[in-house]
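First up is the structure itself, then whatever we jot down about it.
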Amino acid sequence: MANALIGLDKSGSFRVCLAVTTAMVEAARQIHDTTPLATAGLGRALTGAGLMGLQLKNPREKLTLHFKGDGPALQILATARGDGRVKGYVANPRVDLPLTETGKLDVGGSLGIAELTVMKDMGLREPYVGRIALTTGEIADDLTAYLYISEQQNASVALGVKVGRDHRVLAAGGMILYMLPGFREEAVNALEEMLATMPPLTAIIEEAMLADPGQSEEALTENVLHRIFAGMAEEYRVDALEYREVEWECDCSRQRLEQTLMTLGISELEAILEEDGEAELVCQFCTSRYHFDYEDLTKLLEGLR
């Protein structure tokens, strides 16, 4: 199974990372019970993180996108690993605002005046951290700005999430175009023209789904790729070089939550034992609950002494 691909145009001017993430975003919606607005914001962030994670060289490397603002959504966080595993959450999953003047979900308004922080943990002593003020809050525009400002990459990011009347995710996906060293100026012009007239990515995904309802994820993603670049000159057509998987998976565990409790220290754990005699921790990413009774907490405390 593969719902993402990495491709290269025939002229060698640009690289394409494309993913159809409908199932992943729907899984996140169900886990966090999000409103359509929260689904759109979280879905875009998860898809963007997954696409950027495809560029990591090692499966264990990790990339985190953190959008934090003064709007009612408060913050959106998405984490992706080099092997395609993605997880995330929105601080206020019940956020709701009127539609924009163009009838769109107001993701930018939900974040308000905000900042994007990108962290890359590549196994070195200190992770790389880049930070910019959001330009629109619409996620794709801000990731495009981040790649240019912080990583000096000429790139274009497109993200989309379509939510149905019953709040289910009907289509979701994303694409990042990276210009390569020595690119042709004609390729830039061709891409700008294509992007200016390209329908919403979710519309392209829906068309590709309807064209062949029984197709595999890999075939669907390739179908979407061909539809996007169908109008380009032959020299700028894109061939898929590698197929990948971008999927929801939380790696939380009881052992990890035990470590979290131990970081509280002896005095704090003693206070919990005296006041409550038990503790329950909830994973922010997948909402799994981990209960620690008196005996569990006593063992953790003994391990600290």
Side-chain angles (χ1 to χ4, degrees), residues 1-25 43-44 46-59 61 63 80-86 140 143-144 147 153-161 171-184 186-195 197-249:
M1 301 293 286
N3 65 340
L5 61 81
I6 298 173
L8 182 70
D9 82 296
K10 294 183 183 299
S11 75
S13 294
F14 58 90
R15 181 172 67 251
V16 178
C17 291
L18 174 69
V20 177
T21 57
T22 309
M24 179 184 74
V25 178
R44 293 178 193 178
L46 290 170
T47 302
L51 286 169
M52 292 174 67
L54 295 179
Q55 302 302 303
L56 298 175
K57 293 179 169 50
N58 189 304
E61 293 179 0
L63 174 142
R81 293 188 177 275
D83 60 6
R85 291 181 292 162
V86 182
L143 291 179
T144 298
L147 289 169
Q153 292 194 64
N154 290 314
S156 178
V157 182
L159 302 168
V161 176
M175 177 178 69
I176 303 181
L177 300 173
Y178 296 93
M179 302 310 299
L180 298 175
F183 63 85
R184 298 181 185 178
E186 295 83 1
V188 175
N189 296 334
L191 285 173
E192 288 178 345
E193 183 177 340
M194 182 270 287
L195 292 172
T197 59
M198 189 179 88
L201 190 55
T202 51
I204 298 174
I205 292 171
E206 284 191 306
E207 286 181 3
M209 291 169 60
L210 290 171
D212 184 2
Q215 65 192 309
S216 66
E217 286 187 334
E218 182 177 308
L220 172 61
T221 307
E222 192 167 272
N223 194 342
V224 171
L225 177 73
H226 292 328
R227 288 171 182 270
I228 291 173
F229 293 95
M232 298 280 283
E234 183 62 30
E235 59 189 322
Y236 303 125
R237 295 288 180 88
V238 176
D239 292 322
L241 301 179
E242 181 181 359
Y243 291 91
R244 301 280 294 276
E245 184 74 20
V246 174
E247 61 182 345
W248 173 275
E249 183 179 317

Q. Under the 3.5 angstrom rule, does the side chain of S156 hit a backbone N or O of L177 as a donor-acceptor pair?
A. no
Q: May I ask you to test the E186-E235 pair for a side-chain heavy-atom distance under 4.5 Å?
A: no
Q | Gap between atom CG of L225 and atom CG of L220 - 0.5 Å precision | A | 11.5 Å
Q. If only atom types and distance count, is the side chain of T202 paired as donor or acceptor with the main-chain N or O of A172 below 3.5 Å?
A. no
Q.
Could you check whether any side-chain N or O of R237 sits under 3.5 Å from a backbone N or O of M232, counting only pairs where one atom can act as donor and the other as acceptor?
A. yes
Q: With the side chain counted from C-beta on, respond yes when L51 and L159 share a heavy-atom pair under 4.5 Å apart, and no when they do not.
A: yes
Q. Taking the side chain as C-beta and beyond, is there a heavy-atom pair between Y236 and L191 under 4.5 Å?
A. no
Q | E193 atom CD, over 12 foreign heavy atoms within 6.0 Å | A | no
Q) Taking C-beta and beyond as the side chain, do I228 and M194 meet within less than 4.5 Å on heavy atoms? A) yes
Q) Could you go step by step and tell me if M198 and M175 meet the side chain to side chain contact (heavy atoms under 4.5 Å, CB included) rule? A) CA-CA 12 Å; M198 189 179 88; M175 177 178 69; 4.3 Å; yes
Q. Looking at Y178, is R15 sitting on its ring face, NZ or CZ under 6.0 Å from the six-membered ring centre and within 45 degrees of the normal?
A. yes
Q | L210 CG to I205 CD1 distance, which is reported to the nearest 0.5 Å | A | 12.0 Å
Q. So F14 and F229, would you call those rings parallel, tilted or perpendicular, with 30° and 60° as cut-offs?
A. parallel
Q | Verdict with reasoning, I176 to L54, per side chain to side chain contact (heavy atoms under 4.5 Å, CB included) | A | CA-CA 11 Å; I176 303 181; L54 295 179; over 6 Å; no
Q) Is there a side-chain contact between E207 and N223, using heavy atoms and a 4.5 Å cut-off? A) no
(Q) Would you say that E245 contacts E217 through its side chain, given a criterion of any heavy-atom pair below 4.5 Å between the two side chains? (A) yes
Q) Do Q215 side-chain atoms and A208 backbone N/O form a donor-acceptor pair below 3.5 Å? A) yes
Q: Return the minimal non-hydrogen interatomic distance between A49 and A80, and the atom names on each side.
A: O-CB, 3.2 Å
(Q) Would the distance check show the side chain of N3 and the main-chain N or O of V20 forming a donor-acceptor pair, the cut-off being under 3.5 Å? (A) yes
Q: Identify the two heavy atoms, one from R184 and one from S13, that lie closest to each other, and give their separation to 0.1 Å.
A: N-OG, 3.2 Å
**Q.** Rounded distance [0.5 Å steps], OG1 in T197 versus CD in E192
**A.** 12.0 Å
Q) So, for T47 and G174, which heavy atoms are closest and what is the spacing to 0.1 Å? A) CG2-N, 3.6 Å
Q. What is the minimum heavy-atom distance between L147 and A155, and which atoms define it?
A. CD1-CB, 3.8 Å
Q) Salt bridge check: are R85 and D83 linked by an N-O gap of less than 4.0 Å? A) yes
Q.
Could you report the tightest heavy-atom contact between A171 and E206, atom names first, then the distance?
A. CB-CG, 3.8 Å
(Q) Would you compute the distance between atom CD1 of I6 and atom CG of L241 and round it to the nearest 0.5 angstrom? (A) 8.0 Å
Q: Check R81 against P59 and note the closest heavy-atom contact, atom names and distance.
A: CB-O, 3.7 Å
